[in-house]
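Take a look at the structure set out below.
All ligand and atom numbering here is 1-based and tracks the order in the structure.
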Amino acid sequence: MRKRIVAGNWKMNTDKSSAIALAEAVKNQLVSVPSNTEVVLCVPFVHISEVKRVLDGSSIKTGAQNCYTQPSGAYTGEVSAPMLRSYGVEYVILGHSERREYFKESNAELAQKVKIALENNLIPIFCVGEVKEERQAGVHISVVERQLEESLFHLSAEHFFKIVIAYEPVWAIGTGLTATTAQAQEMHNAVRQMIAKKYSSDIAERISILYGGSCKPENARELFACADVDGGLIGGASLKASDFVAIVNSF
Ligand code: PEP
């Protein structure tokens with residue numbers, strides 16, 4: 001059975017006290033985690049140690065939202081995968097559409113980030129997804145295939161197996177527009193077929209593929225019920241503990 005994952009992406013939100021309060025509220029309200037489900041909070045770098053301290057003793061994992069391509073050195077302002085690992089971080093979001101758009105991260109740069117994350121035992125939550133014009137042009141599946149090919153498909157099966165994929169249609173992120181269950185299932189199934197073709201159907205069946213894009217308590221249940229949707233990457237709704245916990249309880 002595939003691992004189910006609900007990961008919150010806090011983005012650049014919260015200050016020290018509200019980050020601690022939000023982590024505490026999620027921990028307290030999440031009375032029990034559904035079976036075979038991992039819950040992750042991907043928080044701003046500066047809050048990692050405080051959030052980790054709050055979550056210690058719970059099953060909720062701490063994640064980051066990015067890391068640099070190099071392990072250390074003269075890269076002012078960057079944060080490396082070994083640094084994250086030294087704080088007990090277990091997951092890192094890579095290739096989020098906001099990083100691709102505002103920071104011009106390319107598929108090739110993301111391949112380097114995936115490599116260093118894996119070398120440091122971080123689990124990449126690797127985001128793929130098309131923009132609105134690409135969906136309208138009917139090329140959404142080939143866009144995602146290219147993202148996978150250029151950033152992940154050079155990996156050995158052993159390494160690829162450690163990746164979590166998040167399908168996030170860019171037109172659905174933070175817009176209130178959600179992919180229909182048919183659109184989500186079509187893409188998740190297509191991704192699984194790409195993995196089967198590149199690696200094996202056994203690996204394809206065991207990789208967790210999350211949906212992200214205006215997922216909220218009102219639509220999580222129907223999205224998570226799709227055969228190939230194994231959970232969600234949650235932006236806006238992860239900033240309200242009761243909404244995030246309701247989403248976790250939507251399996
Ligand atoms: C995200 O940023 O990963 C995301 C899915 O955002 P939202 O849920 O706000 O659309």
Side-chain angles (χ1 to χ4, degrees), residues 4-14 18-19 22 26 38-45 47 51 60-67 89-105 110 113-114 117 122-132 134-135 140 143-144 147-148 151 163-181 183-185 187-188 191 208-224 226 228-251:
R4 305 188 300 194
I5 301 170
V6 180
N9 174 12
W10 290 5
K11 311 195 187 196
M12 197 178 71
N13 292 299
T14 68
S18 59
L22 180 54
V26 171
E38 190 113 293
V39 179
V40 188
L41 299 183
C42 298
V43 307
F45 291 137
H47 301 326
V51 167
I60 306 170
K61 313 284 190 214
T62 308
Q65 301 169 15
N66 182 28
C67 71
V89 169
E90 292 180 63
Y91 286 83
V92 60
I93 298 173
L94 292 176
H96 192 280
S97 62
E98 288 151 16
R99 304 264 352 145
R100 292 176 188 266
E101 184 184 352
Y102 304 135
F103 303 96
K104 307 292 171 229
E105 293 190 0
L110 290 168
K113 293 190 175 196
V114 166
L122 295 170
I123 301 172
I125 300 177
F126 189 80
C127 302
V128 293
E130 80 286 358
V131 298
K132 189 173 76 191
E134 291 165 336
R135 176 156 285 270
H140 46 291
V143 165
V144 166
Q147 291 169 335
L148 293 172
S151 297
I163 306 268
V164 173
I165 292 172
Y167 169 54
E168 298 209 306
V170 181
W171 48 270
I173 296 179
T175 58
L177 294 173
T178 314
T180 63
T181 51
Q183 288 170 325
Q185 173 56 25
M187 183 62 85
H188 284 232
V191 168
S208 302
I209 308 177
L210 317 183
Y211 169 79
S214 298
C215 184
K216 37 191 185 264
E218 297 75 39
N219 57 26
R221 193 169 293 279
E222 59 175 15
L223 285 162
F224 294 178
C226 295
D228 287 294
V229 176
D230 306 310
L233 180 54
I234 317 298
S238 71
L239 295 172
K240 192 170 165 203
S242 57
D243 281 358
F244 184 68
V245 169
I247 293 171
V248 174
N249 287 325
S250 296
F251 284 111

Parallel, tilted or perpendicular, as decided by the 30° and 60° cut-offs, for the rings of His188 and Tyr167: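 Because their plane-to-plane angle is over 60°, the rings of Tyr167 and His188 count as perpendicular.
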Proximal atoms of ligand 1 relative to [X] (non-hydrogen, under 4.0 Å):
X      : answer
Gly213 : 5 (C), 10 (O)
Gly174 : 7 (P), 9 (O), 10 (O)
His96  : 1 (C), 2 (O), 3 (O)
Lys11  : 1 (C), 2 (O), 6 (O)
Asn9   : 1 (C), 2 (O), 3 (O)

Location of contacts on Leu233 toward ligand 1, heavy atoms closer than 4.0 Å: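 The answer is both, backbone and side chain.
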Side chain, backbone, both or neither: the part of Ala172 lying under 4.0 Å from ligand 1 by heavy atom: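 Within the 4.0 Å criterion, Ala172 contacts ligand 1 through backbone atoms alone.
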Nearest to [atom], what protein heavy atom do you find, and at what distance?
atom                   : result
atom 9 (O) of ligand 1 : Gly236 N, 2.8 Å
atom 4 (C) of ligand 1 : Gly235 N, 3.6 Å
atom 3 (O) of ligand 1 : Glu168 OE2, 2.7 Å

Stepwise side chain to side chain contact (heavy atoms under 4.5 Å, CB included) check, Val43 with Thr14: CA-CA 9 Å; Val43 307; Thr14 68; over 6 Å; no
Over all atoms of both residues, closest heavy-atom pair of Ile247 and Ala237: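 Heavy-atom minimum between the residues: CD1-CB, 3.7 Å.
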Heavy-atom pair of closest approach, residues Ala241 and Leu22: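 Shortest heavy-atom separation between Ala241 and Leu22 comes out as N-CD1, 3.8 Å.
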Over 12 foreign heavy atoms within 6.0 Å of NZ, Lys11: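 Yes, the 6.0 Å shell around NZ holds more than 12 heavy atoms from other groups.
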Spacing of CG belonging to Asn9 relative to CD belonging to Glu168, to within rounding of 0.5 Å: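 Here the interatomic distance stands at 7.5 Å.
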side-chain contact (heavy atoms from CB on, under 4.5 Å) involving Glu222 - partner list, sequence neighbours excluded: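 So Glu222 forms a side-chain contact (heavy atoms from CB on, under 4.5 Å) with Thr181, Asn219.
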